[in-house]
Amino acid sequence: MTSSRSSSEAEKGQTADVAPVDIERDDPDAEFGGHEARKKLERRLLRKLDLRMSILVVIYILNYVDRNNAGAARLRGFETDLHLQGQEFATLLSILYVGYIIMQIPSNMFLNYIGKPSLHLPICMMIWGTLSILTGITNNFVGALLTRFFLGFVEAAFFPGALFLISKWYKRSELGTRTALLYCGNIISNAFGALIASGILDGMDGKLGRAAWRWLFYIEGALTVFVALCAVFVLPDFPATTHRWWLSEEERKLAMRRMQEDAGVGDEAETEVGGMATGLWLAIKDWKVWWMAFAMTSQVVALSFNAYFPTLSATMGFDPTVTLLLCAPPFVFTAIMAFIISRHSDKTGERFYHITGPVFGGIVGFIIAICTMNTAARYVSLFLMAQSYAGFVVLYTWVSNSFPRPPSKRAVAVALVNAFSQLGNVAGSYVWPMSWGPTYRKSYAICIATAGCTIVMCYIFKLHLAHLNRALDKEEEERGVKEKGFRYLL
């Protein structure tokens, strides 16, 4: 890693290889053999990228499984064996996000600097897999608290890093679907994490004298380390820093050209000014970044039911194994919905209604859960709550779309919004105390309020972006520009 150059330096070093885009040229695709040849090359490039990026979904599944397995372990003696009392379990959940918040921005800045996600992300993954294994050997609250804190500290590298990585390869019109596929890893983890946990907790209790919940951490942590080793050889770096056998020089040039055309300027050579700290300052002083950070935080609180989903499923009165199995279908349904909604959002170029529709559906689910303890109705409400994640996926895409250049700012903006929003997980850990169960009416009321706040904030953001687009229209009209340039997606 010490020999890695910054992506900015690599980009500048490649300016001799990639000719600047001249929109006025008769055939801007001549470098790639003409328009038809370029389209064929682009399809081949996207196939290669999609195949390699697919491992991010697997990594995200394991990321969330390692983060949320405490919820499943709670059903099989985790609290009793560690002698947890009062709010100590909630503290174990929330402390993870303290480390998570601290490291997201530094991690993305470092990733942008070294330009080697194929090393940065898998190394962090190996460390968090090891920490997950160590959680299984703890015997008290303090030991579990330390492993959970450092788990969040290292896990912080993955999601903002993955978002930044895909934004360096895919155009804005392609980002929504890819972000949805990535976030499906999160959603699917809730389904298959529960199924895996059910099998381990049901079949490993007492093996080698260890409790079932300890085996849960051992097995899932070991699986994470194995996948991390594979990821080193699969993950791509950035277009400017990738020099591997799987990508031809012509495909690499096309990848850089695509990013250049998407924003109307080069991804780095024409937009980066100053050093590493410049992107940080540009993001911090942009109020839109903070607005989206607060909107995201509000929605994260509304989604706080996720960490307690096995507990909410248990209110239907089934045994622990059936309870975990019932957690899977709502999230399988949500993964399908997230893909369909995000793909439609990409095709139409619309974001706001694709966000607020599922969020409003979640509010309906919260209201149903408040109004009745009927088993069927509460299970339907779990489906409606879970599908609100589909809107959250599009919200992430909207953030990446709204801060396109320079890449150093985008890296910080994506990380800052995601990091700040984790304050919602810290607060959300205390929204579901056992004393409010089994109805959890107060918890659902909090979720309704925060989801409503998200809808209002997104609407105001949409109005502002529409205003900025009108200003861009007016500017181009005054300059006599006939071909539309960059526009914010609404």
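The model shown is predicted, which means the values in this text are computed figures rather than measured ones. When a residue number appears, it is its place in the shown sequence, counting from 1.
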- Validation row, ring centre W287 to ring centre H464 under 6.0 Å: yes
- Item | Worked check of side-chain contact (heavy atoms from CB on, under 4.5 Å) between V154 and M103 | CA-CA 8 Å; V154 184; M103 273 307 291; over 6 Å; no
- Of all heavy-atom pairs between M385 and G365, which one has the smallest distance, and what is that distance? CE-O, 4.0 Å
- Message: As an exercise, state the distance from CZ of R178 to CH2 of W169, rounded to the nearest 0.5 Å.
- Response: 13.0 Å
- Item | Nearest-0.5 Å distance that lies between atom CZ in F383 and atom CZ in R378 | 15.0 Å
- Message: I want to check something: taking the side chain as every heavy atom from C-beta on, are I367 and Y444 in contact at a cut-off of under 4.5 Å?
- Response: no
- Item | Atom of L62, atom of T224 and distance for their closest heavy-atom approach | CB-OG1, 3.8 Å
- When the aromatic ring centroids of F233 and W246 are compared, is their separation below 6.0 Å? no
- Are more than 12 heavy atoms from other residues, nucleotides or ligands located less than 6.0 Å from atom CE of M373? yes
- Message: I'd like to know if the side chain of T454 reaches the main chain of Q299, judged simply by a donor and an acceptor atom lying under 3.5 Å from each other, with no hydrogens or angles considered.
- Response: yes
- Query: Would the W398 and F461 ring centres measure less than 6.0 Å apart?
  - Reply: yes
- Task: Determine, step by step, whether L282 and D286 satisfy the side-chain contact (heavy atoms from CB on, under 4.5 Å) criterion, reporting the C-alpha distance in whole Å, the side-chain angles of both residues, the deciding distance to 0.1 Å, and the verdict.
- Result: CA-CA 6 Å; L282 288 172; D286 188 343; over 6 Å; no
- Task: Answer yes if the ring centres of F331 and F309 are under 6.0 angstrom apart, and no otherwise.
- Result: yes
- Item | Separation of Y100 OH from F158 CZ (nearest 0.5 Å) | 8.5 Å
- Decide yes or no on ring-ring contact (aromatic ring centres under 6.0 Å, His included) for Y218 and W213, but give the supporting numbers first. CA-CA 9 Å; Y218 297 156; W213 69 263; 8.5 Å; no
- Message: For I284, is there any backbone N or O sitting under 3.5 Å from a side-chain donor or acceptor partner on W290?
- Response: yes
- Message: Quick check: closest heavy atoms across L82 and A144, and the distance to 0.1 Å?
- Response: CD1-CB, 3.9 Å
- Locate the shortest heavy-atom distance separating C447 from V301; write the atom from each residue and the value. SG-O, 3.9 Å
- Item | Distance, nearest 0.5 Å, that separates CZ of R214 from CG of L201 | 13.0 Å
- Message: Counting only heavy atoms from other residues, nucleotides and ligands, does the tally under 6.0 Å from NZ of K39 exceed 12?
- Response: no
- Query: Taking the six-membered ring for Trp, are Y396 and F392 parallel (under 30°), tilted (30 to 60°) or perpendicular (over 60°)?
  - Reply: perpendicular
- Looking at CG of L235 and CG of L56, how far apart are the two atoms once the value is rounded to the nearest 0.5 Å? 5.0 Å
- Query: Would you call R148 and E155 a salt bridge, using N to O less than 4.0 angstrom?
  - Reply: no
- So do F217 and L134 actually touch side chain to side chain, heavy atoms under 4.5 Å? no
- Message: Within the supplied structure, the quantity of interest is the number of heavy atoms (other residues, nucleotides, ligands) at a distance under 6.0 Å from F149 CZ; does it exceed 12?
- Response: yes
- Query: Is the backbone of L131 close enough, under 3.5 Å, to the side chain of T135 for a donor and an acceptor to pair up by distance?
  - Reply: yes
- Task: Starting from the C-alpha separation in whole Å, work towards a yes-or-no answer on side-chain contact (heavy atoms from CB on, under 4.5 Å) for Q422 and T297.
- Result: CA-CA 7 Å; Q422 299 312 309; T297 303; over 6 Å; no
- Considering only heavy atoms from C-beta outward, does the side chain of N418 approach that of M296 to under 4.5 Å? no
- Please lay out, stage by stage, how K462 and E350 fare under the test salt bridge (charged side-chain N to carboxylate O under 4.0 Å, His left out). CA-CA 10 Å; K462 174 179 182 281; E350 200 285 328; 5.9 Å; no
- Do Y308 and Y440 have ring centroids that are under 6.0 Å from one another? no
- Exercise: do D50 and Y170 side chains pair donor with acceptor under 3.5 Å: yes
- Item | Flag side-chain contact, heavy atom, 4.5 Å: L92 against F78 | yes
- Message: S304 vs Y430, test: side chain to side chain donor-acceptor pair (under 3.5 Å). Steps then yes/no.
- Response: CA-CA 9 Å; S304 60; Y430 297 94; over 6 Å; no
- Query: Heavy atoms, side chains only, cut-off 4.5 Å: are P358 and M337 in contact?
  - Reply: no
- Between F238 and F164, does the ring centre distance come in under 6.0 Å? yes
- Item | Under 3.5 Å: donor-acceptor pair, side chain of N108, backbone of G161 | yes
- Item | Side-chain donor-acceptor pair present, N306, Y64, cut-off under 3.5 Å | no
- For A377 against I368, the heavy-atom pair lying closest together: O-CG2, 3.6 Å
- Does CZ belonging to F360 count more than 12 external heavy atoms closer than 6.0 Å? no
- Which distance, rounded to the nearest 0.5 Å, do you find between the OH of Y488 and the CG of N469? 8.0 Å
- Task: Verify, without hydrogens or angle tests, whether S132 (side chain) and W128 (backbone) share a donor-acceptor contact under 3.5 angstrom.
- Result: no
- Query: Are the side chains of P329 and Y379 in touch, meaning some heavy atoms are under 4.5 Å apart?
  - Reply: yes
- Task: Examine distances only and state if a side-chain atom of S298 and a backbone atom of C453 form a donor-acceptor pair shorter than 3.5 Å.
- Result: no
- E174 vs R258, side-chain contact (heavy atoms from CB on, under 4.5 Å): CA-CA, chis, key distance, verdict: CA-CA 11 Å; E174 301 162 347; R258 278 162 38 87; 2.7 Å; yes
- Which of parallel (below 30°), tilted (30 to 60°) and perpendicular (above 60°) describes Y459 and F352? tilted
- Measure from the side-chain N and O atoms of S443 to the backbone N and O of V431, and report whether any donor-acceptor pair falls under 3.5 Å. yes
- Result for side chain to side chain donor-acceptor pair (under 3.5 Å) between R351 and one of T397, D346, T356 points to D346
- Task: Specify the closest pair of heavy atoms between V394 and S345, including all atoms of both residues, with the distance to one decimal.
- Result: CG1-OG, 3.7 Å
- Heavy-atom distance under 4.5 Å between the side chains of S107 and P160, does that happen here? no
- Task: For the pair D473 and R487, find out whether any cationic side-chain nitrogen is under 4.0 Å from an anionic carboxylate oxygen.
- Result: yes
- Message: Quick check: do P117 and L111 have side-chain heavy atoms less than 4.5 Å from each other?
- Response: yes
